[in-house]
Structure formats: structure tokens, C-alpha cells
Protein chains: 2
Amino acid sequence: MSAVRRISELVPQSAKAEWLDTIIKGDCVAALNRLPDQSVDVIFADPPYNLQLEGTLHRPDQSRVDAVDDEWDQFESFAAYDAFTRAWMLAARRVLKPNGTIWVIGSYHNIFRVGSVMQDLGYWFLNDIVWRKSNPMPNFRGRRFQNAHETMIWASRDKSSKGYTFNYEAMKAANDDLQMRSDWLFPICTGKERLKTDEGDKLHPTQKPEALLARIIMSSTKPGDVVLDPFFGSGTTGAVAKRLGRHFVGIEREDSYIEAASQRIADIEPLDNLDLAQVQGKRAEPRVAFGSLIDAGLMKPGTLLCDAKRRWTANVRADGTIAIGDDAGSIHRVGARVQGLEACNGWTFWHFEEAGSLKPIDELRRIARLNMQVAAA
Amino acid sequence: MSAVRRISELVPQSAKAEWLDTIIKGDCVAALNRLPDQSVDVIFADPPYNLQLEGTLHRPDQSRVDAVDDEWDQFESFAAYDAFTRAWMLAARRVLKPNGTIWVIGSYHNIFRVGSVMQDLGYWFLNDIVWRKSNPMPNFRGRRFQNAHETMIWASRDKSSKGYTFNYEAMKAANDDLQMRSDWLFPICTGKERLKTDEGDKLHPTQKPEALLARIIMSSTKPGDVVLDPFFGSGTTGAVAKRLGRHFVGIEREDSYIEAASQRIADIEPLDNLDLAQVQGKRAEPRVAFGSLIDAGLMKPGTLLCDAKRRWTANVRADGTIAIGDDAGSIHRVGARVQGLEACNGWTFWHFEEAGSLKPIDELRRIARLNMQVAAA
DNA sequence: TGAGCACGTGAATCGCGCC
DNA sequence: AGGCGCGATTCACGTGCTC
């Protein structure tokens, strides 16, 4: 019985927190405060900004705003919204893992306040993303431009969080092999996807399209990650997370939304692992030391290496370094030095001669990796 | 000698404030404070972005990226940037006419702070506009989405400013007869348009494309309006304003920028009136009362009007109202009432029969306007 | 003269893991 | 936990030179 086996018995694979893949009923901040520290990988939040209609906001002095037609002066209403934003953003930050990231969506009514509060709290912006609507509502009065987009902020917990998940290669592959831009084009949520009440009205005023959530989740989470949505609403985040093999946690106050979202998510069939596989970049490949090529007999000490244009020639030494005269070092350092550059990828810079043509030593690394796979199988 | 003539002698047409069409050297706030109250129609501002760059960034080919590391873009903290923003925004608001509007451009580094400060000061957001760059700089490390856009805020001075200029029809005409959206696509400023130093380096690190300013000025100003740019830089705002027959005022601290911008603007040839004639929005056209069509003989009392599908028929009365049986009123009120709507544009709703086909009474309004122009000439 | 290639460059908050 | 070293990473377009 191996150590790995024993550990897996102590902490069974199937053990999972009871709040995973559930919708927590209640106030956003109170519910967040019941979750453990550093327990979620990604947060997606679609916070309310229509203060009057929400009716749950409090003034900075905690007095409740009780009437729909409550007369606020402008400053008071912005201050109240900022206080509300600060409260849930702070609570959200505690439950976020150190390398976790957060997505927040909003319009020009609220996104600037949200962004400012986030920066004040220490969130570090990675991108702002524009959701361009392919079918926005027209402007009826002809006094402004057609409001055809919403803005999302993608941020890490701290400036120092460098280990966040970003599936760069997958995004690039999905965009015809060009890196994914900060402006995304999607239709708004309509048709069969749009949840309706029994009376045929739309269930939720701002139901987000699943395609939008799918890109968010595919870009910034790994399978098995936990995605939290503190304003769960109709449950788009949960539905997409489940389909894509991620865990979700929802927080929602309204019973009608919880009920509809639960049913919606229950009907979702997760994709199987094969369909979930993402393109992996070179960073995911196992590291191979140049010296190990010599150990494996793929490269012999004394071999001459040169760059593609044969401007420089270096000698392979038994310890895995290469040398030009007295100048010795790793394939990368020597490659950088001869070119007068800060850095160099020696694997693609240096070549060896085979059958009269030059081949990059990266070819040998590829063979070494294949051998490793065969040996492991 | 008419009263009109006498007034024009007291205030000659050619009299113009000495600061019009000039570049004021100095600090932004101090210079703004020297301008009169409520003296400019539109402000375009491209303030420092407060980029926070750590090390040097290299492209994959190891070349160094020329970063914006200018002294004017450095701030101690978010609080310092906010204070700077509040100061110039406040000074700008005083010189803005009550129906003036302001455009501010920024990136995710600063735009959320700018937006919050603007709302706190009482500016009222009309739109946020996304400038999608057709040729943005790539992300070189593959750790984020490509930063492919910048954000602009368009705001009126007050929530109550209803008389601001928005050339809706001109924008619509420029967009294949579809409403102009809030996401605009333009290339960044390169090639011959980009100002260079004698050494061949870029004169200004963030010169904006003229096409972007042209759309801004065409959408939100009238010919002869005054456009102020408190961060004038290479003078794109002044160049485009002059070409489009608007006045400009620039504020700039750096002599080198002032000198280059002055030369640039001096070389500009304004478009003639014919080229400038914009598609006039219907709202800007002289108001025509339905009754005046009767006075002008274009419409006879007793004429039958009907809607495009001939569902309702109304009778034109000599007083300029129309009636269906006992239900009488303006073309708009009666049109709304029969449809059970709050409002109705009677000009496009009601039709009259001519040569066997139905034509909207708006045709007659068009003829009446032409007659008015001829009479005035 | 034209097609084609090489090269330069733009508001950028741009690693990661091992020891 | 800081230091060190591997080695991964780019799109559109204007200019100017070559063939």
C-alpha cells in the first residue's frame, strides 16, 4: 500500500464541502461570511445597480432605504452604493484563494464605482473586457448612442498573485489562432435559453447568456475548480459551471430565483472529460535538462552546435554545458551572450548537423519527452 | 438702420475671445481657472492614465517595448490620482456651458477612478464608448487577454442638462442608416499621421487618431462651437476642430508639444461649408405646426387622413386639429389615442392619399420647410 | 514598376519553479 | 522565502529595400 493510497484514504476523493454545488439562500455578505477562507478559485458577480428597485440597500449609516420613491440626493445614493459594493467585495476577497480571480460585470451606471472600490480594496486588474452585444436594444429617443455593450473587470486578489489560471492557448485556439482580445461579441440571452415564469414573462431581468459565462469559465478556471456567484439570479453561472465540469456555489435571496435555478441546473448534463480537454501550451510540457540528452545518449559530448545561419559554433561538453572557446554555460546563456541579448531560448537557437542539414536541438528534446512517456507507461 | 444692425455693431461678428483657437501654456487647473465661466461647448480630455509598470517588457524577438514612463504619468497613489482628477474635473466643469458635454478617454488603469470622480462631482453620464483598436499591441507574455480597446465617457454637466448637442441623424447616416453604437472601431495612430521628432522618434507617446476625434466632434458639436482640450499634447483635438469648422482651446505644459501642435494646426485647411453640411437631424430642423400646412395651402380642411394600414381615418379641421367622430386633438394626441399608446409621432403615423397611394403627412412638412428656406433666402 | 519580404513598433499595470 | 536560471511569448500595418 503506497503513501499516495493512504493519503487518499484519509481524504477521500469524494469528500466535498457541503456547500459545494448548492445555492445558499440569504444576503450576499452574510452568506459569504459563512464560507471558509480561501476556498474558491473564481468569482463571477453580476451585482445589482438599480438601487431604488432593489430596496435592500442601506445608507452609510445603516438606515434602511424603505421606499421605492425615496428621494435621495445624488451623493447619498452613490455613497450607499459604494458602501454596499465595498461590503460584498471585502467579503468576497476573503473567500478567494490567493491565486483566485474575480469577474464583475456592469454598465456605465455602476461599473466605475465598482472598479474604484475594487482597486481601493487591493484587487489587481488583469483586463477590462467589453461584451459587445450583437443584438442590443435600440435607443428610442435618439438622444444618445445605442448602448451596445457591457463592461467586465477581471482581477486577481492581489497585485502579487501571479499564479492565477489563464488558459491562454485554449483562448487562442478558439479565436482562429490569434490571441483572444478584450472585446467579445455575443448575442444577448433570448429564445429558449431565456427562463420564463409560468405567466410567460421573463424570470430575471438581466439573465446573462451561457456563451458569455462559458468563455469566462473556460478562460480562467481548470476542471474541478470552484466558481462562486454571489448574485446567482437565474443560475447561469451554475449551469455553465456544471456543464463544464467545475463546481459552483450560488448565493441568492429570492426563493423564486433559487427554485428556477435549481431546476435548471438539475437538468444539466455535464460534458465528459474528453470533451472538456483543453489545448495545452508548451508551459505544461515536462522540463528536460539539456544534460539529460547526453545521459540518454541522444547527444554526444564534443558535438558541434551552431545557430540556424551558422554565425556561431559551440562545443557540447560532458556536463551539459556548451562552450565557445573559454565562454561556457547553458545553451540559453551562451546563446544570449553571443547575440548580445538578455535572454535566448537555446532549444530553438542551437542546431546540430544531421544528414547534411541543420536541425534544432529542440528535436532531440521532443524525442526525450516521447521516451519519458514510453518509460512511464 | 435696424435694431439688428445696431447690435451687430456693438458686438461685431468678428469679435472673438483672445483665447479662442490658441494653446495656453501651463498647468491644466491654473489655465482652466483663467477661462470665463460657461464658455466652452465640449471638452475632450485625454488625462494621464497612471500606468503602473514594473520592469521592462520585451517582445518574443527580444526587442524592447518603448513604454510610457513619462514623469507626467507617475502618481504616488490612487488617492493622489483621484485628487488630481477631482481638481481638473472641477475646474473644467466651471468653464463648461450648462448644456455642454465632456469626453474623457482612459484605460482600465484609470478610467474607473475618473468615472467615479465625475459622478461625485455631478457630471451625468450619457454613454460610455469603447474604442476598439483594429491593430492593438499584442500581449507578449500570454498571461492576459490582448488589451484591444480604450474606454471613453461622454457626460453632460448636470443631470438636468437636456439641451446638449447630439447629432443623432448624422451619426446614423454615417453608420449605414443604423443607430451609431457605443463600440467604435478605429486603427491606432500610425504612419504619416503620427508626428515625429527631428530624430524620427514619436513626438508624443499617446497621440490619438484624428478619425476618433472627428467622430467625437461630429457627434456632439455644431459648427462654430468651442472645443476645449486640457491635455492638448500633439494637438489632435485642435487639428480636427479647425478642419471641421469648430473653435478649439488647448492647454499644454510642454513647449515641445505646443510648438509641434501649433505648426500642425497652422497647416490645416478648414473644410468649406458645403463639405461641412451635415445631415441635419430632424430635431434640429425648424419646427412646423400642422396648422401651418393649412395656412400655407398644403393641406385643405376636410381632407381625410389615415394610418399606413388604413385601420383608422381622421378628418382634418380648419384649426389644425384632426378628429375621429367626437374625438379631436393634435395629430399626435389622436394618433396615440387610437392606438392606445402614450405617445405617437403624428407626422409619420398619418397619411394622405395622392395619386392612388398613401403618403405620410411628413412629406408635406418637408415641403413646408423647403418653402421656409426659400423665403428666408 | 510591382510584388514581396524584412524590419520596426504601438498607453503594457505581461513567469515560474526549483533549491 | 528569496535568488537563480530555464525558456516561453506577438498582431497589424507602414516603410523601405530587394529582386
Side-chain angles (χ1 to χ4, degrees), chain A residues 99 119 123-128 154-156 158-164 166 168-169 172 175-182 281-291 320-321 329-333 335-336 341-350 361-362 365, chain B residues 46-70 72-75 78 105-111 131 133-151 187-194 196 200-202 204-209 231 233:
Chain A
N99 277 322
Q119 289 180 312
Y123 286 104
W124 189 246
F125 289 177
L126 299 170
N127 283 109
D128 61 335
W154 182 41
S156 61
D158 304 279
K159 181 178 181 180
S160 59
S161 307
K162 299 289 186 186
Y164 59 87
F166 178 54
Y168 173 78
E169 294 286 343
K172 185 172 174 177
N175 192 41
D176 283 343
D177 289 325
L178 294 176
Q179 44 180 224
M180 187 69 78
R181 296 170 44 115
S182 55
K282 289 184 185 174
R283 287 184 172 98
E285 299 269 323
R287 290 226 172 170
V288 173
F290 180 67
T321 60
S330 74
I331 51 173
H332 312 294
R333 291 310 322 145
L341 295 175
E342 289 281 318
C344 165
N345 184 341
W347 290 108
T348 52
F349 180 73
W350 293 111
I361 56 175
D362 207 21
R365 181 169 66 161
Chain B
D46 183 11
Y49 283 13
N50 190 24
L51 299 186
Q52 291 161 57
L53 307 175
E54 299 280 304
T56 55
L57 180 64
H58 291 88
R59 299 186 179 81
D61 65 3
Q62 302 296 332
S63 64
R64 201 175 66 82
V65 175
D66 184 18
V68 178
D69 51 6
D70 303 65
W72 47 257
D73 201 45
Q74 309 296 320
F75 292 85
F78 284 133
I105 186 166
S107 68
Y108 66 86
H109 311 85
N110 71 322
I111 198 66
W131 169 27
K133 302 180 184 184
S134 57
N135 50 350
M137 192 187 299
N139 181 291
F140 295 119
R141 304 306 292 257
R143 295 296 296 143
R144 301 180 176 195
F145 296 96
Q146 182 185 28
N147 198 359
H149 74 276
E150 293 188 28
T151 301
I188 61 176
C189 184
T190 58
K192 293 202 177 69
E193 190 184 323
R194 188 92 198 211
K196 299 280 165 58
D201 302 318
K202 58 187 175 194
H204 191 280
T206 70
Q207 184 180 340
K208 296 291 176 285
F231 306 96

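In what follows, every chain begins at residue 1, and chains take the letters A, B, ... in the order their sequences are listed.
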- Message: At less than 4.0 Å, is any side-chain N or O atom of B:Arg64 found next to OP1 or OP2 of C:dG10? Yes or no.
- Response: no
- Task: Send over the distance from A:Trp124 CH2 to C:dA12 C1', rounded to a whole Å.
- Result: 11 Å
- Message: Just to be sure I understand the rule, does B:Thr190 reach a base, reach only the sugar-phosphate, or reach nothing, if contact means heavy atoms closer than 4.0 Å?
- Response: sugar-phosphate
- With DNA chain C as reference, determine whether B:Asn110 or B:Cys189 sits nearer its 5' end, using the nearest nucleotide of each. B:Cys189
- Message: It should be established whether B:Lys133 places a side-chain nitrogen or oxygen under 4.0 Å from OP1 or OP2 of nucleotide D:dC11.
- Response: no
- Each base of DNA chain C marked ( ) or [ ] if paired in-strand (Watson-Crick or G-U under 3.5 Å), | if paired to another strand and . if unpaired gives .|||||||||....|||||
- Task: Measure the distance from CZ on B:Arg59 to P on C:dC7 and round it to the nearest whole Å.
- Result: 15 Å
- Length of the line joining A:Ile331:CD1 and D:dC6:P, which is rounded to integer Å: 8 Å
- Message: Without decimals, in angstroms, what is the distance between A:Gln179 CD and D:dT10 C1'?
- Response: 6 Å
- Message: What's the gap between C:dC7 and C:dA11 when it is taken at their C1' atoms, as a whole Å value?
- Response: 23 Å
- Task: Look at the aromatic rings of B:Phe145 and A:Phe166 and report parallel, tilted or perpendicular, splitting at 30° and 60°.
- Result: perpendicular
- Item | ring-ring contact (aromatic ring centres under 6.0 Å, His included) involving B:His109 - partner list, sequence neighbours excluded | none
- For atom CG of B:Asn147 and atom C1' of C:dG10, their distance in whole Å: 12 Å
- Message: Is A:His332 close enough to D:dC6 that one of its side-chain N or O atoms is under 4.0 Å from OP1 or OP2 there?
- Response: no
- Short side-chain N/O contact from B:Lys192 to OP1 or OP2 of D:dG14, under 4.0 Å: no
- Item | Value in whole Å for how far the C1' atom of C:dA12 lies from CG of A:Asp128 | 13 Å
- Task: On DNA chain D, check which nucleotide each of A:Asp177 and A:Glu342 is closest to and give me the residue with the more 5' one.
- Result: A:Glu342
- Interatomic distance where CZ belongs to A:Phe349 and C1' belongs to D:dG7 [whole Å]: 14 Å
- Does A:Ser330 make a side-chain N or O approach to OP1 or OP2 of D:dC6 shorter than 4.0 Å? yes
- Query: Below 4.0 angstrom from OP1 or OP2 of D:dT10, is there any side-chain N or O of B:Asn139?
  - Reply: no
- Atom-pair distance (OH on A:Tyr168; P on D:dA8), nearest Å: 14 Å
- A:Ile361 vs A:Phe290 side-chain heavy atoms within contact, under 4.5 Å: yes
- Message: Can you tell me if A:Lys162 touches the phosphate of C:dG17, counting only side-chain N or O atoms and a distance under 4.0 Å to OP1 or OP2?
- Response: no
- Under-4.0 Å side-chain N/O to phosphate OP1/OP2 contact, A:Arg287 with D:dC6: no
- Query: Does some side-chain heavy atom of B:Asn147 sit less than 4.5 Å from a side-chain heavy atom of B:Lys133?
  - Reply: no
- Identify whether any heavy atom of B:Pro47 sits under 4.0 Å from a base atom; if not, whether one sits that close to sugar-phosphate; answer base, sugar-phosphate or nothing. base
- Message: By nearest atom, which of the nucleotides D:dG14, D:dA8, D:dA12 is closest to the A:Leu178 side chain?
- Response: D:dA12
- Message: Base, sugar-phosphate or nothing for B:Pro136? Non-hydrogen atoms, less than 4.0 Å.
- Response: base
- Item | Axial cation check for A:Tyr164 ring with B:Arg143, 6.0 Å and 45° limits | yes
